[in-house]
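The structure under discussion appears below in the form of C-alpha cells.
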Amino acid sequence: MGIPGLEAAHVWISIPFTMFYILGLWGNVMLLYVVSKEQTLQKPMYLLLCMLALSDIATSTAVVPKTLCIFWFNFKGITVGGCLTQTFFLSMVSVMHSAILVTMAFDRYVAICNPLRYTTILRKGRIAKLGLLCLIKAVLFILPMTLLLSRLPFCANRVIPHTFCEPIALVKLSCGDITLHRTYSLVIMFVVSVLDLSLIVLSYGLIFRAVLRISSKKAHQKALNTCTAHICVLLAYYIPGLFVNLTHRFGQGIASHVHIILANLYLLISPMLNPVIYGVKSKELRDKLSKYTCRM
C-alpha cells in the first residue's frame, strides 16, 4: 500500500528516497570499482568493505524499485511468490551484513593484536572463504523461516500497509497457527543480534586491552584510528536498527506512517553512509576515490 495516510504525498516522499538510493548506489559502486582497479587497495580490510558494499547495494535494491513503482505509478500488486522472495532477500542480506561486520571486527583485532601475522592469517583466499561462510550462514538461517512463511494460510484480506514485504507483515496476514514461526524468528533474532554483537564487543575488548598496554601515545592514536571507521559503520547500522525494532514492537502510540518511513530510511541511510565513512576515515581510500572521481 505504500505509506497509508500519506498517499497524496507519495511523489514528494519519493524524491529523498530516490536521492538516498542513487547516492548509496553510486558510492558503493565507486568503492567496488576503485578497489578492483587499485592493487594497493586489495587488502583484507578493503575486500571486506567490498562485501559490505555488495550487501548494501542488495539491501536498498531489494526495496527501492518496488517502492518507487508504488509512489510513481500506483503499482501496488505483488504475487505471494514475489512477496516471499523479497522477504527472503531482505532477511538474508541483513544476517549476512551482520556477519560481515563481525568479520571486520576480527580483521581489526588481528591487525592490532597480531600485526606480524596479519598477512598470513587473513590471506585473500581466506577472506573469500569467510565471505562465503557469511553467505551460507545467512541462507541456512533465513531459508527455513521463508519456508515456514510459505506454508502459512493467508486470509482474504491480503493488504500490507507498508512499502515492502517484511516477515512480520506476512505473519499478520495469516489465519493459521504462527507459534512455530514466532519461536524460530525469536531464535534467529537472538543468535544473529546477541551473538554477533557479543563477538564484536569481545573483539574490541581485546583490542582496547592491547592498546592500553602500549606506552606510546602516538601508537595509541594510530591503533585506535584504524578502528574508527569500523566503529562508525557499526553505530550507523546497529543503533538505527535497534531503534526501528523497538519502536515497531513497543511504540504502539506512534503513527503507522512514522514506522514505515523509519523502516525505509534505515534500509537507505546506512548503505549511503558506509562508503562516505570509509572514504573520510581512510586516507588511502580517499586519495584513490578522489583520483577516479576527478577523471570522471
- Closest non-hydrogen atoms of Leu25 and Thr61, given as atom of the first, atom of the second and distance, are CD1-OG1, 4.3 Å
- Task: Give a yes or no on whether Val276 and Met19 share a hydrophobic cluster (residues Ile, Leu, Val, Met, Phe, Trp, Tyr; joining criterion: side-chain heavy atoms under 4.5 Å apart).
- Result: no
- Message: Testing the basics here: between Val34 and Leu41, what is the closest heavy-atom pair and its distance to 0.1 Å?
- Response: CG1-CD1, 3.6 Å
- Can you tell me if Ser270 uses its side chain to pair, donor with acceptor, with the backbone of Tyr266 under 3.5 Å? no
- Ile22 side, atom CD1; Ser60 side, atom OG - distance, nearest 0.5 Å: 11.0 Å
- How far does CH2 of Trp12 sit from CG of Leu6, to the nearest 0.5 angstrom? 14.5 Å
- Item | More than 12 heavy atoms from other groups under 6.0 Å of NZ on Lys76 | yes
- Query: Backbone N or O of Tyr33 within a donor-acceptor pair of the Ser36 side chain at under 3.5 Å?
  - Reply: yes
- Side chains of Ile188 and Tyr184: does their closest heavy-atom pair fall under 4.5 Å? yes
- Nearest 0.5 Å please: distance from the CG atom of Asn274 over to the CD1 atom of Ile269. 11.5 Å
- Message: If you compare all heavy atoms of Ile127 against all heavy atoms of Met51, which two are closest, and at what distance to 0.1 Å?
- Response: O-CE, 3.2 Å
- Task: Identify the two heavy atoms, one from Met1 and one from Pro4, that lie closest to each other, and give their separation to 0.1 Å.
- Result: CB-CG, 4.1 Å
- Message: Checking one residue: Leu170. Which other hydrophobic residues are in its cluster under the side-chain 4.5 Å linking rule?
- Response: Val80, Leu84, Leu149, Leu152, Phe154, Ile160, Val171, Leu173, Ile178
- Task: Would you indicate whether the side-chain heavy atoms of Ile168 and Arg182 approach each other to under 4.5 Å?
- Result: no
- Query: With sequence neighbours excluded, what pairs up with Ser203 under the side chain to side chain donor-acceptor pair (under 3.5 Å) test?
  - Reply: none
- Ser198 side chain reached by Val194 side chain, heavy atoms, under 4.5 Å: yes
Only distances under 3.5 Å count here; give the side-chain donor-acceptor pairs of residues 231-244 to other protein atoms, sequence neighbours excluded, each with its distance to 0.1 Å.
from	atom 1	to	atom 2	distance (Å)
Tyr237	OH	Ser94	O	3.3
Tyr237	OH	Ser94	OG	3.3
Tyr238	OH	Ser98	OG	2.7

- Interatomic distance, CZ@Arg126 vs CD1@Ile121, rounded to 0.5 Å, equals 7.5 Å
- Message: Is any side-chain heavy atom of Leu32 closer than 4.5 Å to one of Ile57?
- Response: yes
- hydrophobic_cluster_shared for Val187 and Phe88, side chain cutoff 4.5 Å: yes
- Item | Minimum side-chain heavy-atom gap Leu130-Leu122 below 4.5 Å | yes
- Query: Same cluster or not: are Phe190 and Leu199 linked, directly or through other Ile, Leu, Val, Met, Phe, Trp or Tyr residues, by side-chain heavy atoms under 4.5 angstrom apart?
  - Reply: yes
- Does any donor atom in the side chain of Lys124 or Gln42 lie under 3.5 Å from an acceptor atom in the other side chain? yes
- Query: Where do Thr163 and Thr67 come nearest, in terms of heavy atoms and distance?
  - Reply: O-OG1, 3.5 Å
- Contacts of type disulfide (SG to SG under 2.5 Å), residue Cys113, not counting sequence neighbours: none
- Taking a hydrophobic cluster as the set of Ile, Leu, Val, Met, Phe, Trp and Tyr residues connected by side-chain heavy atoms closer than 4.5 Å, whether directly or through intermediates, do Phe75 and Val64 fall within one such cluster? yes
Would you give me the side-chain donor-acceptor pairs under 3.5 Å for residues 131-147, sequence neighbours excluded?
from	atom 1	to	atom 2	distance (Å)
Lys137	NZ	Asp196	OD1	3.1
Thr146	OG1	Ile142	O	3.1

- Please check if any side-chain donor atom of Asn114 sits under 3.5 Å from a side-chain acceptor atom of Tyr109, or the reverse. no
- Side chain His10, main chain Ile3, donor-acceptor under 3.5 Å: yes
- Task: Look at the side chain of Arg108 and the backbone N and O of His230, then say whether any donor-acceptor pair between them is shorter than 3.5 Å.
- Result: no
- Would you check if Leu265 and Phe20 make a side-chain contact, meaning some heavy-atom pair closer than 4.5 Å? yes
- Look at the side chain of Gln86 and the backbone N and O of Ala62, then say whether any donor-acceptor pair between them is shorter than 3.5 Å. yes
- Contacts of Lys43 meeting salt bridge (charged side-chain N to carboxylate O under 4.0 Å, His left out) (sequence neighbours excluded), chain-then-number -> Glu284
- Distance (rounded to the nearest 0.5 Å) between Ile13 CD1 and Asn264 CG: 9.5 Å
- Item | Cys50 SG to Leu48 CG distance, which is reported to the nearest 0.5 Å | 9.0 Å
- Can Val11 be reached from Phe71 by stepping across I, L, V, M, F, W or Y side chains whose heavy atoms are under 4.5 Å apart? no
- Message: Can a donor-acceptor pair be found, under 3.5 Å and without considering hydrogens, that links the side chain of Asn28 to the backbone of Pro271?
- Response: yes
- Report yes or no: does Ser174 contribute a side-chain atom to a donor-acceptor pair with the main-chain N or O of Pro153 at less than 3.5 Å? yes
- Can you find a heavy atom in the side chain of Thr103 that is under 4.5 Å from one in the side chain of Asp107? no
- Item | Non-hydrogen atoms of Ile277 and Ala229 that approach each other most closely | CG2-O, 3.6 Å
